[in-house]
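Notes follow once the structure below has been shown.
Not measured: the values here are computed from a predicted model. Note on naming: letters A, B, ... go to the chains in the order of the sequence lines (proteins, then strands), and numbering restarts at 1 for each one.
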There are 2 protein chains.
Amino acid sequence: MTKGTYLGEFEIYVLAALERLGEEAYGVTVRGEIEERSGRMASLGAVYTTLERLAEKGFVTFWVSEPLPVPGGRSKKHARLTPAGRRALRESARALERMLGGVRLGLRGEGGRA
Amino acid sequence: MTKGTYLGEFEIYVLAALERLGEEAYGVTVRGEIEERSGRMASLGAVYTTLERLAEKGFVTFWVSEPLPVPGGRSKKHARLTPAGRRALRESARALERMLGGVRLGLRGEGGRA
DNA sequence: CAACTATATCCTACTTTGTAGATGATATCA
DNA sequence: TGATATCATCTACAAAGTAGGATATAGTTG
């Protein structure tokens, strides 16, 4: 029985976005990736707060990019997964998959209400 | 973009357990199902509190069983999913799947640390 | 019947996560 | 300098997660 550190729901989205985005990951792109990919809404404030908390846990580190010669091209605070972060994401995702796997919820089609 | 009601991490576990257990679902069995199935730890207190909150949201209803002629066989407070609860579980599970789907996390094997 | 064992639930107090509007920074361009 | 476009931080509160300890109720035993 793992008593351990299970990620919160939104934390999972943020870490998964980092995994997908790689070097392109920073506040705005993380938010975009979550919304486009999953359809789940995510405010920028929520993203930044969560990234900060994940960094405190050692799951994320930051690095700053050079400013770009375009409007609004200020330097960005990029985020990347640490090995511990990747491990935490994997553990949470696996446990969730085991729990949801096989449950008939219309995960493939069936859509609609009720 | 769904601004809507996304379930918390533990709420997903509890609702999934209800879906699996059917008529057998009550505090103790819910806890057992979560722990056995996913490996995620779950205290009884957490389970009851979460069931109560899910009921307030209209995702769960309760019914009481007859006491049984065995030691500790008091009547149990069973829980079942409402249609809204099943729908909420499905929505959260789908969004999560879309976000995690395809991410290389060793969801099938590869195990180990780092 | 009192004491004991086995299950099951409730209560309570607190920690962690989730949320997002308002505010402040910094880049180019007119 | 003023206007526009990104991006980040702050703040304050709401919602979800947690679990120890108290309480309830069944049969059993002496």
Side-chain angles (χ1 to χ4, degrees), chain A residues 1-15 21 24-32 34-35 38 40-57 59-60 62-79 88 92 95-96, chain B residues 1-15 21 24-32 34-35 38 40-57 59-60 62-79 88 92 95-96:
Chain A
M1 196 55 49
T2 310
K3 32 214 73 168
T5 310
Y6 281 90
L7 296 167
E9 185 256 353
F10 193 58
E11 290 180 318
I12 291 177
Y13 280 92
V14 170
L15 291 186
L21 291 166
E24 304 303 320
Y26 63 93
V28 172
T29 57
V30 167
R31 178 233 195 116
I34 292 172
E35 296 198 334
S38 73
R40 185 199 191 285
M41 203 222 131
S43 74
L44 269 177
V47 169
Y48 286 115
T49 301
T50 300
L51 281 173
E52 201 54 51
R53 288 171 182 165
L54 288 169
E56 284 168 13
K57 298 194 222 170
F59 293 163
V60 162
F62 299 112
W63 59 280
V64 178
S65 67
E66 291 299 307
L68 296 177
V70 298
R74 60 179 287 192
S75 68
K76 297 163 192 61
K77 188 178 179 183
H78 291 256
S92 285
L96 227 24
Chain B
M1 194 57 46
T2 311
K3 32 214 71 168
T5 311
Y6 281 91
L7 297 167
E9 184 256 354
F10 193 59
E11 290 180 318
I12 291 176
Y13 280 91
V14 170
L15 290 186
L21 291 166
E24 303 304 319
Y26 63 92
V28 172
T29 57
V30 167
R31 177 233 194 116
I34 292 172
E35 296 199 333
S38 73
R40 185 197 191 286
M41 203 220 131
S43 75
L44 271 177
V47 169
Y48 287 115
T49 301
T50 299
L51 281 173
E52 201 54 51
R53 288 173 183 166
L54 288 169
E56 285 168 13
K57 297 194 223 171
F59 293 161
V60 161
F62 300 111
W63 58 281
V64 178
S65 67
E66 290 300 305
L68 296 177
V70 298
R74 60 178 287 190
S75 68
K76 298 163 193 60
K77 188 179 180 182
H78 291 255
S92 286
L96 226 24

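Nucleotide C/dA8 holds its P atom 12 Å from the CD atom of B/Glu24, rounded to whole Å. Here C/dC11 presents its P atom at 15 Å from CG of B/Leu44, a figure rounded to the nearest Å. Atom C1' of nucleotide D/dG27 and atom CD of B/Glu66 are separated by 17 Å, given to the nearest angstrom. For the pair A/Phe62 CZ and D/dC7 P, the interatomic distance rounds to 16 Å; values are reported in whole Å. What separates CZ of A/Phe10 from C1' of C/dT19 is a distance of 9 Å, to the nearest Å. Atom-to-atom, CH2 of A/Trp63 to P of D/dC7 comes out at 13 Å; the value is rounded to the nearest Å. D/dG17 atom P lies 13 Å from atom NZ of A/Lys57, rounded to whole Å. Rounded to a whole Å, the OH atom of B/Tyr6 is 11 Å from the P atom of C/dT19.
Here salt bridge (Lys or Arg N to Asp or Glu O under 4.0 Å) pairs that include residues 43-57 of chain B, with residues two or more places apart or in two chains, are B/Glu11-B/Lys57, B/Glu52-B/Lys77.
Residue B/Arg40 places its side chain closer to D/dT18 than to any other of C/dT19, D/dT18, C/dT9. Considering only the side chain of A/Lys76, D/dA8 comes nearest among C/dT19, D/dT18, D/dA8.
For B/Tyr48, the side-chain contact (heavy atoms from CB on, under 4.5 Å) partners at least two apart in sequence or on another chain are B/Val28, B/Leu44. Shown here are the side-chain contact (heavy atoms from CB on, under 4.5 Å) partners of A/Ala25, two or more places apart in sequence or in another chain: A/Leu18, A/Leu21, A/Val30.
Comparing B/Val28 and A/Gly8 by the nucleotide of DNA chain C whose heavy atom lies nearest to each, the residue mapping closer to the 5' end is B/Val28. Where B/Leu7 and A/Ala46 meet DNA chain D, the nucleotide closest to each residue was compared, and A/Ala46 sits on the side nearer the 5' end.
Annotation for A/Gly27 and A/Val47: closest pair O-CG1, 3.9 Å, computed over non-hydrogen atoms. Looking at every heavy atom in both residues, B/Thr50 comes nearest to B/Phe10 through OG1-CD2, 3.3 Å.
At least one donor-acceptor pair under 3.5 Å links the side chain of A/Tyr13 to the backbone N or O of B/Leu96. Looking only at distances, no side-chain donor or acceptor of A/Ser38 sits under 3.5 Å from a matching main-chain atom of A/Glu35.
One finds a side-chain N or O of A/Tyr26 lying less than 4.0 angstrom from the OP1 or OP2 phosphate oxygen of D/dC7. Taking side-chain N and O atoms only, A/Lys77 has a distance below 4.0 Å to OP1 or OP2 of D/dT9. Residue A/Arg31 has no polar side-chain atom (N or O) positioned under 4.0 Å from OP1 or OP2 of D/dT6.
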Restricting both atoms to N or O, compile the protein contacts to nucleotides 26-30 of chain C shorter than 3.5 Å, with distance only.
from	atom 1	to	atom 2	distance (Å)
C/dA27	N3	A/Gly72	N	3.3

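Using cut-offs of 30° and 60° on the angle between ring planes, the pair B/His78 and B/Trp63 is parallel.
Only B/Thr49, B/Arg53, listed by number, bring a heavy atom of residues 47-56 of chain B to less than 4.0 angstrom from any atom of DNA chain D.
Taking the side chain as every heavy atom from C-beta outward, A/Val60 and A/Val14 never approach each other to under 4.5 Å.
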I'd like a table of donor-acceptor pairs (distance under 3.5 Å, sequence neighbours excluded) in which one partner is a side-chain atom from residues 69-76 of chain B, with atom names and distances.
from	atom 1	to	atom 2	distance (Å)
B/Lys76	NZ	B/Arg74	O	3.4

